[in-house]
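Throughout, residue positions are numbered sequentially from 1 according to the sequence presented. Every number for a ligand or one of its atoms is a count from 1 in the order of the listing. In this text, all values refer to a predicted model and were calculated from it rather than measured experimentally.
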Amino acid sequence: MGGLDDLYQQLILDHYRNRRGRGRIEGASASVHEHNPVCGDECYLDILVEDDRITDIRADGDGCSISQAAASMLTEVARGKDLESALDLVEHFRLVMHGDVVPDEDILGDAVALGGVAKYPVRVKCALLSWLALRECIAGYREATATGG
Ligand code: FES
């Protein structure tokens, strides 16, 4: 029974202990600073965009194991995506966290392991912190490049 849950648990712990894509990007195309109002934990997200594609993405900050693992998983799955696909990815994860759709591993990569978080409303904010930061980051980038010509 617990096989898959155990595997997901291990995956979350692994991402928490060995954060992928951790840090900041010097000369980032867009940056966002988000915080979780429930606990005060923070997330910094930077993206580098070339030809409408995320060529680098890094997350930094402090938080619980769920928020840190979620940020690590995000950087892994979003790197290399074009901006529209990255927004689709965030939207899928958001719907999963609200229990509206079943998590799709092909879309989410390792973040499929966070599907069970949807059952714990308080933790949903933790998981979404960095993912919603990416949505904001892309919006900010688009706004800046639209007005900047
Ligand atoms: Fe702060 Fe999870 S408890 S982000």
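For ligand 1, the atoms lying closer than 4.0 Å to a non-hydrogen atom of C39 are 1 (Fe), 3 (S), 4 (S). Short contacts between ligand 1 and S67, defined as distances under 4.0 Å to a heavy atom of the residue, involve ligand atoms 4 (S).
With contacts defined as side-chain heavy-atom distances shorter than 4.5 Å, the pair V77/D110 does not qualify.
Annotation: R22, atom CZ; neighbour count of heavy atoms from other residues, nucleotides and ligands within 6.0 Å is above 12.
D41 OD2, 3.3 Å is the protein heavy atom nearest to atom 4 (S) of ligand 1.
For atom 2 (Fe) of ligand 1, the N/O/S atoms of C64 include one lying under 2.8 Å.
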Legend entry - Criterion salt bridge (charged side-chain N to carboxylate O under 4.0 Å, His left out) on R24 and D46, from CA distance to verdict: CA-CA 6 Å; R24 307 294 308 266; D46 296 329; 2.8 Å; yes
Legend entry - Intermediate values then yes/no, salt bridge (charged side-chain N to carboxylate O under 4.0 Å, His left out), D60 and R58: CA-CA 7 Å; D60 213 349; R58 296 196 179 261; over 6 Å; no
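At least one heavy atom of N36 lies less than 4.0 angstrom from ligand 1.
Remark: K81 does not engage D52 in a salt bridge, criterion side-chain N to carboxylate O under 4.0 Å.
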